[in-house]
Amino acid sequence: MLKRDFFARSVHEVAPELIGATLLVDGVGGTIVEVEAYDQGDPASHAYGGPTARNATMFGPPGHAYVYRSYGIHWCLNLVCGSGNDAEAVLIRALEPTAGIELQQQRRGVEDLRKLCSGPGKLCQALAITGKHDGLPLDQLPFQLKERREVPQIVTGPRIGITRAAELPWRYGLLGSPFLSRVLRSA
DNA sequence: ACCGCGATGCACT
DNA sequence: GTGCATCGCGGTG
């Protein structure tokens with residue numbers, strides 16, 4: 001299990017190490033295959049411009065979940081990193097489903113495994129992550145984060161769906177995975 | 001393969 | 001009022 005110390009480092013160290021780790025919420029989830037890093041002073045980050053009610057969790061201690069509503073419809077999950085109060089977080093963008101697949105299919109209304117968790121909004125729907133998870137510690141139920149066993153091959157590229165600082169190659173993916181939100185070519 | 005759009009909430013100007 | 005760290009659908013190559 002990943003402990004809080006794991007997250008108490010620069011988001012740029014933590015983000016690539018999350019590829020291959022296992023994320024479960026109430027026993028449902030899979031292998032992390034795609035993430036994005038957002039750091040302090042990043043114009044694309046919710047924390048850019050200082051603390052607000054929405055981003056308060058990002059300014060709190062590492063090892064906690066930051067969950068926000070996206071486009072009024074979806075939820076997105078971040079894992080807070082850094083030494084504390086420095087507003088760094090990793091956006092979880094895609095999983096390869098491995099646990100509770102039937103439940104995920106039911107929640108998503110789709111059968112195709114590649115469509116269950118291939119996007120930040122999709123995986124929150126599949127794992128039933130909502131605003132009530134915002135601020136919860138990652139080393140306690142309902143969360144379970146398991147360290148990867150082997151170092152996977154990782155591809156980097158620009159982040160997705162942002163306009164500011166879009167050129168920064170802070171998206172990390174598992175090489176060749178069919179469960180990514182979009183194809184990732186080396187940058 | 002890409003492009004446009006609507007749904008819907010809320011932080012911020 | 002504007003702009004999103006999105007998704008799914010329908011249109012066009």
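In what follows, chains are A, B, ... by sequence order, proteins preceding strands, each numbered from 1. Everything numeric here is computed off the predicted structure, so don't read it as measured data.
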Report summary line: Contacts of A:Ser10 meeting side chain to side chain donor-acceptor pair (under 3.5 Å) (sequence neighbours excluded), chain-then-number -> none

Query - For A:Arg69, side chain to side chain donor-acceptor pair (under 3.5 Å) partners two or more places apart - result: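 Here no residue qualifies.
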
Query - Distance in Å, A:Arg182 CZ paired with A:Leu184 CG, rounded so as to fall on 0.5 Å steps - result: 11.0 Å

Which is true for [X] with a 4.0 Å heavy-atom rule: it touches a base, it touches only sugar-phosphate, or it touches nothing?
X        : answer
A:Arg182 : nothing
A:Arg93  : sugar-phosphate
A:Asn55  : nothing

Any [X] side-chain heavy atom under 4.5 Å of [Y] side chain:
X        : Y        : result
A:Phe179 : A:Pro97  : yes
A:Asn78  : A:Tyr68  : yes
A:Leu127 : A:Gln104 : yes

Query raised in the report: Considering only the C1' atoms, how many Å lie between C:dG8 and B:dC10, rounded to the nearest integer?
Result: 22 Å

Query raised in the report: Rounded to the nearest Å, what distance is computed from the CZ atom of residue A:Arg164 to the P atom of nucleotide B:dC12?
Result: 11 Å

Query raised in the report: Starting at the 5' end of DNA chain C and moving along, which residue's nearest nucleotide shows up first, A:Met58 or A:Lys115?
Result: A:Met58

Query raised in the report: Considering heavy-atom distances to DNA chain C, does A:Leu91 or A:Lys122 have its closest nucleotide positioned more toward the 5' end?
Result: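 That would be A:Leu91.
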
Are any protein N/O atoms closer than 3.5 Å to N/O atoms in nucleotides 5-8 of chain B? If there are, list each pair with its distance.
residue: B:dT8; atom: O2; partner: A:Tyr71; partner atom: O; Å: 2.1

Query raised in the report: Is it true that atom CD of A:Gln153 has more than 12 heavy atoms of other residues, nucleotides or ligands lying nearer than 6.0 Å?
Result: no

Report task. Report, as yes or no, whether the 6.0 Å neighbourhood of atom CD on A:Glu167 holds more than 12 heavy atoms from other residues, nucleotides or ligands. Result -> yes

**Report entry** Lys NZ or Arg CZ of A:Arg9 over A:Phe6 ring: under 6.0 Å, within 45°
**Finding:**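 A:Arg9 over A:Phe6 ring: yes.
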
**Report entry** Boundaries of the chain A footprint along DNA chain C (any atom under 4.0 Å from a heavy atom)
**Finding:**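 That gives a stretch of C:dC4 to C:dG8.
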
Query raised in the report: If we ignore angles and hydrogens, is there a donor and acceptor under 3.5 Å between the side chains of A:Gln125 and A:Arg107?
Result: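 Side chains of A:Gln125 and A:Arg107: no pair found under 3.5 Å.
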
Report task. Dot-bracket notation for DNA chain B is requested: 5' to 3', Watson-Crick or G-U wobble pairs only, both distances under 3.5 Å, with ( ), [ ], | and . as defined. Result -> |||||||.||||.

Requested in this report: With sequence neighbours excluded, tell me which residues meet ring-ring contact (aromatic ring centres under 6.0 Å, His included) with A:His74.
Outcome: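 In terms of ring-ring contact (aromatic ring centres under 6.0 Å, His included), with neighbours along the sequence ignored, A:His74 is linked to no residue.
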
